[in-house]
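Report on the structure given below.
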Amino acid sequence: MSSPKVYIGGKLYEKADAKVSVFDHGLLYGDGVFEGIRSYNGRVFRLKQHVDRLYESARAIHLVIPMPREEMMRAVEETLAANNLTEAYIRLVITRGAGSLGLDPRKTSDPQVIIITDSISLYPAELYEHGLKIITAGTIRNHPAALSPRIKSLNYLNNILAKIEGTNAGCLEALMLNHKGEVAECTGDNIFVVRRGEIHTPSIDAGILEGITRDAVIDLARDAGIRVIERTMDRHDIYTADECFLTGTAAEVIPMVELDGRPIGSGKPGPVTKLLHGRFHELVRGDRQLAELTS
Ligand code: PXG
């Protein structure tokens with residue numbers, strides 16, 4: 001296999017030559033934004049939504065991406081093609097660019113546009129069969145008035161600190177509450193519960209990332225005639241749920257069967273989770289169409 005090629009600012013570089021400056025504010029301050037995207041069988045899943053979210057994140061941090069959205073979408077497809085990848089993980093990174101030391105973004109020039117493609121590392125298959133067991137992290141999600149969780153920024157320490165708590169407890173994910181003690185999301189996944197045949201998930205104003213998988217699963221559930229309610233949730237709602245599952249680009253739809261040592265529902269993946277997992281697979285592979293995209 002030829003060596004991986006990384007897109008930086010319009011050119012493709014061999015992996016060993018794919019470098020940015022140590023003066024880049026993306027490195028110095030986490031000043032930048034990113035996206036994690038997947039392709040299935042050569043089709044990029046919801047590329048437009050990911051690119052739109054990327055440009056919104058950039059807008060929110062006052063960063064002008066030096067190319068139009070259409071060109072960004074083409075660059076993703078071209079990088080994938082150059083790497084001969086069909087089942088891929090795509091990482092789009094926009095940094096503020098190199099500058100002098102000091103926070104001021106005006107002292108930087110040339111935001112860097114980076115596209116990395118790789119094979120995707122997944123949760124072990126047995127977790128889809130038996131479900132994830134997770135804990136609640138003590139680290140709360142960023143206060144939306146400090147750094148909005150809607151921004152997918154290069155500053156992921158909030159989530160990393162919670163992730164460390166999870167891994168220290170032997171868990172691959174961790175639940176994060178918001179500053180009000182409400183359920184927000186996990187470190188890299190959104191959360192849903194099933195209660196009496198309905199689906200509940202924290203609303204965006206809980207201070208969460210508006211996941212692209214979350215949106216797709218809401219569409220799929222409604223398409224299947226299941227009511228979906230976005231609302232304020234606390235841990236009681238999870239401890240007493242019939243089923244729980246997480247959604248994310250890497251995880252897709254994964255059952256979550258235990259929180260803080262308490263089994264959820266039967267302690268096994270439930271029927272609604274299984275149904276949505278199956279339908280999500282059909283959707284990403286292009287074997288299922290949604291009548292009308294609501295998101
Ligand atoms: N919440 C947070 C905080 C996330 O970072 C999600 C929810 C799920 O969103 P999507 O749009 O993926 O359904 C995420 C996504 C990585 C990686 O490389 C992280 C994510 C996605 C893909 C890759 O760590 N996080």
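In each ligand, atom 1 is the first atom listed, and ligand 1 is the first ligand listed.
Counting atoms of ligand 1 from 1 in the listed order, those under 4.0 Å from a heavy atom of E185 are 1 (N), 2 (C), 3 (C), 7 (C). Distances below 4.0 Å separate heavy atoms of G211 from the following atoms of ligand 1: 9 (O), 10 (P), 11 (O), 13 (O). Residue Y89 approaches ligand 1 through these ligand atoms, each under 4.0 Å from one of its heavy atoms: 16 (C), 17 (C), 18 (O), 22 (C), 23 (C). Those atoms of ligand 1 with a heavy atom of Y156 less than 4.0 angstrom away are 2 (C), 3 (C), 4 (C), 5 (O).
The protein heavy atom nearest to atom 13 (O) of ligand 1 is T213 OG1, 2.5 Å. From the protein, the heavy atom lying nearest to atom 14 (C) of ligand 1 is G188 O, 3.3 Å. Of the protein's non-hydrogen atoms, the one nearest atom 12 (O) of ligand 1 is T249 OG1, 2.5 Å.
Not a single heavy atom of E35 sits less than 4.0 Å from an atom of ligand 1. At least one heavy atom of R53 sits less than 4.0 Å from an atom of ligand 1. Using a 4.0 angstrom heavy-atom cutoff, K152 counts as in contact with ligand 1.
A donor-acceptor contact shorter than 3.5 Å links the side chain of T79 to the backbone of A75.
Between E35 and the choices H50, K152, R91, the side-chain hydrogen bond (donor to acceptor under 3.5 Å, both in side chains) rule is met once, by H50.
At a heavy-atom distance under 4.0 Å, only side-chain atoms of R141, from C-beta outward, approach ligand 1. With a 4.0 Å cut-off on non-hydrogen atoms, T187 touches ligand 1 through its backbone and not its side chain.
Side-chain contact annotation: D205 with S203, donor-acceptor N/O pair under 3.5 Å present.
Salt bridge status for D287 with R43: absent, with no side-chain N to carboxylate O gap under 4.0 Å.
Within a 6.0 Å radius of CZ in R231, other residues, nucleotides and ligands contribute more than 12 heavy atoms.
Counting side-chain heavy-atom gaps under 4.5 Å among Ile, Leu, Val, Met, Phe, Trp and Tyr, the cluster of M256 also holds Y123, L127, Y128, L132, I134, L172, L175, L177, V183, I191, V193, M233, I238, Y239, L246, I254, L259, I264.
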